[in-house]
Every structure is written in structure tokens, then in C-alpha cells.
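Note that the coordinates shown come from a computational prediction; the quantities given were computed from them, not determined experimentally.
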Amino acid sequence: MVQAYILIQTEVGKAAHVAAEIAQIKGVTQAEDVTGPYDVIVRAEARSVDELGKLVVARIQAVEGITRTLTCPVVHL
């Protein structure tokens with residue numbers, strides 16, 4: 001299982017809507033609106049890096065109100 005944090009910037013005033021919509025997507029384990037340079041932080045998981053990429057590009061980035069994403073895979077050192 002591959003896990004990642006996805007840091008999201010949204011249009012002004014859209015963070016809560018984006019977090020709520022993303023929380024409903026299969027593979028997303030947590031979605032929170034936050035303050036700081038990013039507006040929403042998501043924790044997601046998938047069976048492989050390819051599946052994670054598909055989740056981010058096809059499902060998460062398709063949510064209206066998102067302007068930019070940064071995907072940070074979790075590593076176990």
C-alpha cells in the first residue's frame with residue numbers, strides 16, 4: 001500500500017467545499033482544510049504509485065476550486 005499527503009491550494013473561499021468533496025473520494029482517508037501556504041491537506045492511499053497518480057490526476061484534481069496540488073508520498077526509512 002502506498003500512502004501520500006496531498007497539499008492543495010484552492011481558489012479563495014473554496015477550501016471547506018474542496019475538503020468536503022475530496023473526503024468522499026475512494027482512497028482518501030482524511031481531508032482537512034487548514035491555514036498557511038496550503039488550504040487543504042489530504043491523506044490518501046492506493047495499491048501502487050501508478051494507482052496513486054491516477055487518484056490524484058483523475059479524481060482529486062478534477063474537484064472544482066483547486067488551483068494546485070503537491071503530492072508527497074510517505075516513505076519508511
**Request:** Check whether any side-chain heavy atom of V28 sits under 4.5 Å from a side-chain heavy atom of I60, and report yes or no.
**Result:** yes
**Message:** Check for me, please, whether L70 and Y5 land in the same ILVMFWY cluster - side-chain distances under 4.5 Å, paths through other members count.
**Reply:** yes
**Item:** Shortest non-hydrogen contact between Q61 and I66, atoms and distance
**Value:** CA-CD1, 4.5 Å
**Shortest non-hydrogen contact from E45 toward Q3** = OE1-NE2, 3.5 Å
**Asked** Nearest heavy-atom pair of L55 and A44: which atoms, and what distance?
**Response** CD2-CB, 3.8 Å
**same_hphob_cluster(V49, L7) at 4.5 Å side-chain heavy-atom cutoff** = no
**Which atom of A31 lies closest to which atom of A19, heavy atoms considered** = CB-O, 3.5 Å
**Single-linkage hydrophobic cluster I25~Y38, side-chain heavy atoms < 4.5 angstrom** = no
**Request:** Kindly compute the distance separating CG (L52) from CD1 (I6), expressed to the nearest 0.5 Å.
**Result:** 6.0 Å
**Item:** N/O donor-acceptor pair under 3.5 Å between T29 side chain and R43 backbone
**Value:** yes
**Message:** Tell me the closest heavy-atom pair linking A4 and P73, and the distance in Å.
**Reply:** CB-CA, 3.7 Å
**Prompt:** Hey, what do you get for NZ (K14) to CD (E64), rounding to the nearest 0.5 Å?
**Reply:** 5.5 Å
**Prompt:** Where do V34 and V40 come nearest, in terms of heavy atoms and distance?
**Reply:** CG2-N, 4.2 Å
**Donor-acceptor contact present, side-chain Q9 to main-chain D39, <3.5 Å** = no
**Request:** Evaluate the side-chain proximity of I22 to I8: yes if any heavy-atom separation is below 4.5 Å, no if none is.
**Result:** yes
